[in-house]
Amino acid sequence: MRKSVFVLVFLMASALFSVELKICYLNEDLLPIVKVTEGRDNPVLEIFEALSSPPEGLKTFVPEGVLRAYFFVGDYLILDFYGEKLKGMDFDSERYFLHQVLYTIFLNVKGVNNVYIIIDGKKRDVLAKHVDIRFSFPREVWEKWPIR
């Protein structure tokens, strides 16, 4: 009896604290493939960990350890990236990096309507060299693939 109660409590706790995360990877044609994984403690951090570790046969443009910090402010999410991790990206790499990150965030974080990006704790004009990040990225534009 005690064992079954313990198992039941454990299963209930697991259900309460686990979250289904939808992670956007890319196939060889750079089209999105969404995989579902289980998150537990910190969904935003777990999203970035999953994005940087694609399953076999899929691609990612999200480097490991790129997320420096994140902040929720009302319905905004501010993502702070390490500039060093973004160095050397060409235009396509920057574009697909943003597509993967924003699409995955909007799939998973329903209370966020805009994402702001800063680099090394500072507002910048471009992500690495090419893509403009001066303004926010709104849900209504970035929650669908392909981005228009």
Side-chain angles (χ1 to χ4, degrees), residues 7-27 29-87 89-148:
V7 170
L8 180 61
V9 169
F10 178 76
L11 290 174
M12 288 175 60
S14 294
L16 288 174
F17 294 105
S18 65
V19 175
E20 182 179 273
L21 297 176
K22 297 172 187 155
I23 308 297
C24 176
Y25 301 106
L26 302 171
N27 66 14
D29 298 320
L30 299 178
L31 295 174
I33 304 293
V34 175
K35 296 286 185 180
V36 176
T37 187
E38 188 176 310
R40 292 215 175 262
D41 300 323
N42 188 331
V44 175
L45 183 58
E46 291 165 2
I47 284 170
F48 279 89
E49 289 171 357
L51 280 170
S52 67
S53 304
E56 189 172 331
L58 297 177
K59 297 179 180 197
T60 188
F61 286 89
V62 179
E64 188 174 336
V66 71
L67 184 64
R68 183 174 179 267
Y70 67 92
F71 312 93
F72 289 99
V73 180
D75 66 345
Y76 296 97
L77 173 60
I78 301 167
L79 298 174
D80 185 0
F81 297 128
Y82 286 107
E84 188 66 30
K85 298 283 187 174
L86 301 171
K87 274 181 136 177
M89 284 187 163
D90 62 12
F91 174 76
D92 284 335
S93 297
E94 286 186 47
R95 182 174 68 120
Y96 281 106
F97 168 83
L98 276 178
H99 278 64
Q100 277 187 273
V101 166
L102 294 170
Y103 187 67
T104 300
I105 291 293
F106 288 130
L107 279 175
N108 290 287
V109 188
K110 300 302 180 203
V112 168
N113 290 316
N114 286 283
V115 173
Y116 282 96
I117 295 174
I118 60 177
I119 308 297
D120 297 323
K122 299 176 187 158
K123 188 170 166 114
R124 299 274 174 91
D125 290 343
V126 293
L127 184 63
K129 294 180 193 170
H130 307 282
V131 176
D132 190 335
I133 61 168
R134 291 177 292 164
F135 307 102
S136 72
F137 296 91
R139 173 182 289 282
E140 62 268 8
V141 174
W142 291 88
E143 71 181 342
K144 295 182 178 82
W145 196 288
I147 309 311
R148 300 190 197 289

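What's counted below: heavy atoms across the whole structure, side chains too, no hydrogens, waters or symmetry copies.
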Mind checking side chain to side chain donor-acceptor pair (under 3.5 Å) for [X] and listing every partner two or more places apart, or none if nothing turns up?
X    : value
S93  : D90
D125 : none
N114 : S136

Do any N or O atoms from the side chain of [X] and from the backbone of [Y] form a donor-acceptor pair under 3.5 angstrom?
X   : Y    : answer
N27 : D29  : yes
K22 : N108 : no
K85 : G65  : no
E94 : H130 : yes

Quiz item: Do any pairs count as a salt bridge (charged side-chain N to carboxylate O under 4.0 Å, His left out) and have a residue in residues 68-84, sequence neighbours left out, and if so which ones?
Solution: R68-D80, E84-K87

Quiz item: Would a line drawn from the ring center of W142 to the ring center of F137 be shorter than 6.0 Å?
Solution: yes

Quiz item: Can you list the steps and then say if Y76 with N113 is a side chain to side chain contact (heavy atoms under 4.5 Å, CB included)?
Solution: CA-CA 6 Å; Y76 296 97; N113 290 316; over 6 Å; no

Determine whether [X] and [Y] make a side-chain contact, defined as any pair of heavy atoms from C-beta on separated by less than 4.5 Å.
X    : Y    : result
V36  : L21  : no
F97  : V131 : no
I78  : I118 : yes
Y25  : K59  : no
F106 : V112 : yes
I105 : V115 : yes
H99  : P32  : no

Exercise. Check the pair V73 / Y116 against side chain to side chain contact (heavy atoms under 4.5 Å, CB included), numbers first and verdict last.
Key: CA-CA 10 Å; V73 180; Y116 282 96; over 6 Å; no

Quiz item: Going from CD1 on I117 to CG on L86, what distance comes out if it is rounded to the nearest 0.5 angstrom?
Solution: 9.0 Å

Quiz item: Between Y70 and F72, how do the two ring planes meet: parallel, tilted or perpendicular, split at 30° and 60°?
Solution: perpendicular

Quiz item: Taking the six-membered ring for Trp, are Y96 and F61 parallel (under 30°), tilted (30 to 60°) or perpendicular (over 60°)?
Solution: parallel

Quiz item: So, K122 and D120, do they make that salt bridge, N to O below 4.0 Å?
Solution: no

Quiz item: Passes side chain to side chain contact (heavy atoms under 4.5 Å, CB included), R124 versus I133? Steps please.
Solution: CA-CA 7 Å; R124 299 274 174 91; I133 61 168; 4.2 Å; yes

Quiz prompt | Non-neighbouring partners of F91 that pass ring pair (Phe, Tyr, Trp, His ring centres under 6.0 Å), sequence neighbours left out | solution = none

Quiz item: Under the side chain to side chain contact (heavy atoms under 4.5 Å, CB included) criterion, do V101 and V62 qualify, and how do the steps go?
Solution: CA-CA 8 Å; V101 166; V62 179; 3.9 Å; yes

Using atom types as modelled, flag every donor-acceptor pair under 3.5 Å from a side chain in residues 43-56 to any protein atom, sequence neighbours excluded.
unit_1	atom_1	unit_2	atom_2	d
E46	OE1	R40	N	2.7
E46	OE2	R40	N	3.3
E46	OE2	D41	N	3.0
E46	OE2	N42	N	3.4
S52	OG	F48	O	3.3
S52	OG	E49	O	3.0
S53	OG	E49	O	3.3

